[in-house]
Amino acid sequence: MDWSNLLSGAFGAIVGAWAAIFFQRRHDQKKALEQARFNVYMMLLDLWQRHFRITSAEVHGEQASDQVRLEFDRQRWRIADELRKADDLEEGEPLLRAMFSLAFKSEKDRADALDKVIKQLSERVNPRYGRVIREISEENQKLMATDFEKYRRRDDKVRGP
């Protein structure tokens, strides 16, 4: 047996094993990031609904209930915890700003910022679902703007007071 053949075979095996480990780790990291993106997206949809009640109260010159504001706060911290796990998520910075910044002139402006991040995430997570949920949200917003009492009655039927 020739030593050069043995050494080249061993070298090839080492390089092959290293490449397999490298690509497996890369695949696992990509999969973990995709899962984190999906988790954040689903949590963000819930946050948006909670914030919608805060925004609608502000539009009508009221303050949302303590419970609604507390649920919003809890959900945004859950999302922040998820973002800490997925530091590579591109939407992390604009999302943190939308959730926590006090620079917004109104909650409508915050809602617009949240909506922008939701749209970005939906295009990467589930484009068809994102399109449909945006259409539904727009319909709900139109109803709220045209007949708030009707909107509130319908919303309370499915959500509760």
Passing option when Asp46 is tested against Met43, Met42, Arg50 for side chain to side chain contact (heavy atoms under 4.5 Å, CB included): Arg50
Aromatic ring proximity, centroids under 6.0 angstrom, Phe52 and Phe72: no
CG-CG distance between Leu114 and Asp109, expressed to the nearest 0.5 angstrom: 11.0 Å
Test: Arg78 and Asp81 ion pair at under 4.0 Å: no
Point-to-point distance, once rounded to the nearest 0.5 Å, from CD1 of Ile79 to CG of Asn39: 10.5 Å
Any side-chain heavy-atom pair of Arg69 and Gln63 under 4.5 Å: yes
Donor-acceptor pair between Glu71 and Gln67 side chains, under 3.5 angstrom: yes
Got a list of side-chain donor-acceptor pairs under 3.5 Å for residues 92-99, not counting sequence neighbours?
from	atom 1	to	atom 2	distance (Å)
Glu93	OE2	Arg97	NE	3.3
Glu93	OE2	Arg97	NH2	3.3

Shortest non-hydrogen contact between Leu143 and Arg154, atoms and distance: CD2-NH1, 3.7 Å
Nearest non-hydrogen partners of Arg53 and Ala64, listed with the distance: O-CB, 4.3 Å
Within 6.0 angstrom of Phe100 CZ, more than 12 heavy atoms from elsewhere: yes
Val117 backbone acceptor or donor facing Glu91 side chain under 3.5 Å: no
Side chain proximity check, Ser137 to Trp48, heavy atoms < 4.5 angstrom: yes
Residues Ser56 and His60: side-chain donor-acceptor under 3.5 angstrom: no
Distance, nearest 0.5 Å, that separates NE2 of His51 from CD of Gln75: 13.5 Å
Distance (rounded to the nearest 0.5 Å) between Asp66 CG and Asp73 CG: 12.0 Å
Considering all heavy atoms, the nearest Glu107-Thr55 contact: O-OG1, 3.6 Å
Worked check of salt bridge (Lys or Arg N to Asp or Glu O under 4.0 Å) between Glu34 and Arg37: CA-CA 5 Å; Glu34 288 173 6; Arg37 183 179 290 119; 5.6 Å; no
Note: Arg124-Glu90 ion pair, threshold 4.0 Å (strictly below): yes
Cluster link Phe104 to Val59, ILVMFWY, side chain under 4.5 Å: no
ILVMFWY cluster, Leu70 and Ile54 together (side-chain gap under 4.5 Å): no
salt_bridge(Lys108, Asp112) N-O dist < 4.0 Å: yes
Short N-O contact, Lys85 and Glu82, less than 4.0 angstrom: yes
